Amino acid sequence: MMQNNMMPGSMMGGNMMGNPMMQSHMMQRDPRLPRNARPGDWICNSCNNHNYADKMACNRCKLPKAIAMSRPQPGGMGGGMGGGMG
C-alpha cells in the first residue's frame, strides 16, 4: 500500500488556502495602497481614500465598506464622466 506523503496545501490535493505562501500569491495587493499599509487596509472606490482594516465605513465619504469596495474604481471600465459631443 502506498503512503500519501503530500503536505496539506500541496498542489496535488489538500486545501491550497491553508498554505500561507499560496494565500499571499492568490490575494492581490491593491496598487493604490501606500507602501506602509497594513494587511486588511482598503481603498474606498468612491473617494479613493485609504482606510484602516478595522474601519467598517470610509472615514472620508462615510460609505459602508461593503458598498465602497464593490463599486467600480473611478476611471475604470463602465463608469466615468461620460458626456458626448453636443
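Not measured: the values here are computed from a predicted model. What's counted below: heavy atoms across the whole structure, side chains too, no hydrogens, waters or symmetry copies. Just so you know, residue 1 is the first one in the sequence shown, and it goes up from there.
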Minimum heavy-atom distance [X]-[Y], with the two atoms named:
{"X": "Arg29", "Y": "Ala37", "answer": "NH2-CB, 3.8 Å"}
{"X": "Ser46", "Y": "Leu63", "answer": "CB-CD2, 3.7 Å"}
{"X": "Trp42", "Y": "Tyr52", "answer": "NE1-O, 3.3 Å"}
{"X": "His50", "Y": "Pro34", "answer": "ND1-CG, 3.6 Å"}

Completion exercise
Rounded to the nearest 0.5 angstrom, the CZ-CG distance for Arg32 and Asn45 is 4.5 Å
Exercise for the section: For residues Cys61 and Cys44, determine if any side-chain heavy atom of one lies less than 4.5 Å from a side-chain heavy atom of the other. Expected result: yes
Exercise for the section: Verify the neighbour count for atom NZ of Lys55: are there more than 12 heavy atoms of other residues, nucleotides or ligands below 6.0 Å? Expected result: no
Practice task
Please check if the side chain of Asn51 supplies one atom and the backbone of Asn59 the other of a donor-acceptor pair under 3.5 Å.
Solution key: yes
